Amino acid sequence: MAYVTDCFQNHTLFHKALKEAFEVFCNKTVTGNSSAELLATFCDNILKKGGSEKLSDEAIEETLEKVVKLLAYISDKDLFAEFYRKKLARRLLFDRSANDDHKRSILTKLKQQCGGQFTSKMEGMVTDLTLARENQANYEDYLRSNSAAHPGIDLTVTVLTTGFWPSYKSFDLNLPAEMVKCVEVFKGFYETKTKHRKLTWIYSLGTCHINGKFEQKIIELIVSTYQAAVLLLFNASDRLSYSEIMAHLNLTHDDLLRLLHSLSCAKYKILSKEPNTKTISHGDYFEFNSKFTDKLRRIKVPLPPVDERKKVVEDVDKDRRYAIDAALVRIMKSRKVLGHQQLVSECVEQLSRMFKVLI
């Protein structure tokens, strides 16, 4: 930009050449990843706690400014938005944002660059989190003032607005009895506030802190709600088969394989498996491993990561179809009659702000 303004007297021809050149290399894929995804991941690394980019506050602001400038040359802005939204959701839900000011700052910059529609869902997510904290405080007040409500365990619920957040799989998990009670109590509280909203529980995003009473010592285990549901079955049974666990919890094979692998074959073997192999098969039997120990008193038992890229791309493709339909309807409503070729070129022009339409 400095060369264009200083050496070439801000000439429009050089501005055009710069723009076209940037559009070429900014839209190349790198090792199979699109620039849109790489930029979203880079932003996430800057903005999350413990990210790989260690920068001062001023450097972060400068870098975010540069990211948004580069985004102008990227044709698949909607793909960037979806990847960024996925990563923002994880930062918000698991409290991984390093600084709230930077989080709002990039949304403001994106809004200026790409328009209000581009950031409306992301802004809704940030607002949701603020409302959820108020909601949690009200729930705690409700428990204190309502002696009949005994959830039995400490429960924190984040109530989200479906339209703002990425879509998550929700299964009718058969919750352990210990958890059913507190869910019912929260439902009772929520119905005192509104009768017209339906709660859909996303157990796949939940976290549980449970105490494992092992022979050597008690260890606090930080696990997902699904992992906790599996472990709590062993309070009532010493030994369970794969099919028994599946029937108890009402889970799919894929999910159950991931869960049992994380608890019996990975770093922390909370469950012992028979036969003692590195893979899970449908004929396996599981027992609580009472001999397990660790030098730490609190451990986090991770789940193997799921590659979400394919789903993000599918979601974006689906949204694009709706956007094309909406653009065609808008144009025909205003023009009434239009030749096919002109309709196509106007539609491409309207949509070019968000993505490149291939004809």
Side-chain angles (χ1 to χ4, degrees), residues 1-130 164 166 309 312 316 352-356:
M1 211 61 203
Y3 286 131
V4 171
T5 49
D6 301 340
C7 305
F8 298 111
Q9 287 82 47
N10 232 347
H11 198 288
T12 52
L13 198 63
F14 284 92
H15 271 291
K16 185 170 179 283
L18 179 136
K19 179 175 177 287
E20 286 171 359
F22 267 67
E23 280 171 353
V24 169
F25 79 79
C26 281
N27 289 298
K28 285 185 174 174
T29 57
V30 184
T31 62
N33 299 318
S34 66
S35 297
E37 182 186 350
L38 292 170
L39 267 187
T41 306
F42 179 65
C43 289
D44 188 53
N45 276 334
I46 290 173
L47 296 168
K48 72 181 177 187
K49 288 176 186 168
S52 55
E53 306 291 332
K54 301 280 184 283
L55 300 171
S56 67
D57 283 357
E58 292 78 25
I60 288 174
E61 277 301 309
E62 276 178 37
T63 310
L64 293 178
E65 191 80 51
K66 288 175 186 172
V67 166
V68 174
K69 278 180 183 168
L70 272 185
L71 187 63
Y73 303 108
I74 286 177
S75 53
D76 296 334
K77 293 182 183 64
D78 56 345
L79 198 58
F80 168 86
E82 194 59 27
F83 275 115
Y84 184 81
R85 200 162 67 100
K86 274 267 189 206
K87 291 173 189 303
L88 173 65
R90 294 200 80 77
R91 289 203 306 276
L92 291 172
L93 294 174
F94 300 109
D95 193 23
R96 289 186 191 150
S97 287
N99 185 310
D100 282 355
D101 293 339
H102 295 317
K103 178 176 69 189
R104 290 196 176 85
S105 166
I106 188 167
L107 288 183
T108 307
K109 294 183 202 313
L110 289 170
K111 194 174 186 175
Q112 287 165 350
Q113 175 76 44
C114 306
Q117 195 182 348
F118 189 81
T119 54
S120 61
K121 287 182 178 177
M122 300 177 206
E123 288 170 326
M125 288 158 67
V126 174
T127 307
D128 261 2
L129 255 277
T130 310
F164 295 147
R309 186 196 295 160
V312 171
V316 169
S352 64
R353 287 191 293 275
M354 284 303 279
F355 61 93
K356 193 173 185 177

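A quick note: this is a predicted structure, and the numbers were derived from the prediction, not measured. Each residue takes its place number in the sequence, starting with 1.
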*Just wondering, are more than 12 heavy atoms of other shown residues or ligands nearer than 6.0 Å to CZ in F25?*
yes
_Closer than 4.0 angstrom, basic N to acidic O: yes or no for E61 and K109?_
yes
*Give a yes or no on whether a salt bridge exists between K16 and E20, defined as a side-chain N under 4.0 angstrom from a carboxylate O.*
yes
Expected output: side-chain [X] to main-chain [Y] donor-acceptor under 3.5 Å:
{"X": "T119", "Y": "M122", "result": "no"}
{"X": "S56", "Y": "A59", "result": "yes"}
{"X": "T5", "Y": "M1", "result": "yes"}
{"X": "S35", "Y": "K28", "result": "yes"}

Taking all non-hydrogen atoms of both residues into account, name the closest pair between [X] and [Y] and its distance.
{"X": "K77", "Y": "R353", "value": "CD-O, 3.2 Å"}
{"X": "D76", "Y": "A36", "value": "O-CB, 3.7 Å"}
{"X": "M125", "Y": "P166", "value": "CE-CD, 4.4 Å"}
{"X": "L47", "Y": "K103", "value": "CD2-N, 4.4 Å"}
{"X": "Y84", "Y": "R91", "value": "OH-NH2, 3.2 Å"}
{"X": "F164", "Y": "R85", "value": "O-NH1, 2.5 Å"}

Hey, does [Y] have a side-chain heavy atom less than 4.5 Å from the side chain of [X]?
{"X": "F8", "Y": "L13", "result": "no"}
{"X": "F355", "Y": "L79", "result": "no"}
{"X": "M354", "Y": "F118", "result": "yes"}

Spatial distance of atom [atom1] ([X]) from atom [atom2] ([Y]) [nearest 0.5 Å]:
{"X": "D128", "Y": "L93", "atom1": "CG", "atom2": "CG", "value": "9.5 Å"}
{"X": "T12", "Y": "H15", "atom1": "OG1", "atom2": "NE2", "value": "8.0 Å"}
{"X": "L110", "Y": "E123", "atom1": "CG", "atom2": "CD", "value": "9.5 Å"}
{"X": "L129", "Y": "L88", "atom1": "CG", "atom2": "CG", "value": "8.5 Å"}
{"X": "Y73", "Y": "N27", "atom1": "OH", "atom2": "CG", "value": "12.0 Å"}
{"X": "I106", "Y": "Q113", "atom1": "CD1", "atom2": "CD", "value": "11.5 Å"}

*Step through it carefully: locate the ring centre of F83, locate the ring centre of F80, and say whether they are under 6.0 Å apart.*
no
*Apply the test salt bridge (Lys or Arg N to Asp or Glu O under 4.0 Å) to residues K19 and E23: give CA-CA distance (whole Å), side-chain angles for both, the deciding distance (0.1 Å), then the verdict.*
CA-CA 6 Å; K19 179 175 177 287; E23 280 171 353; 2.9 Å; yes
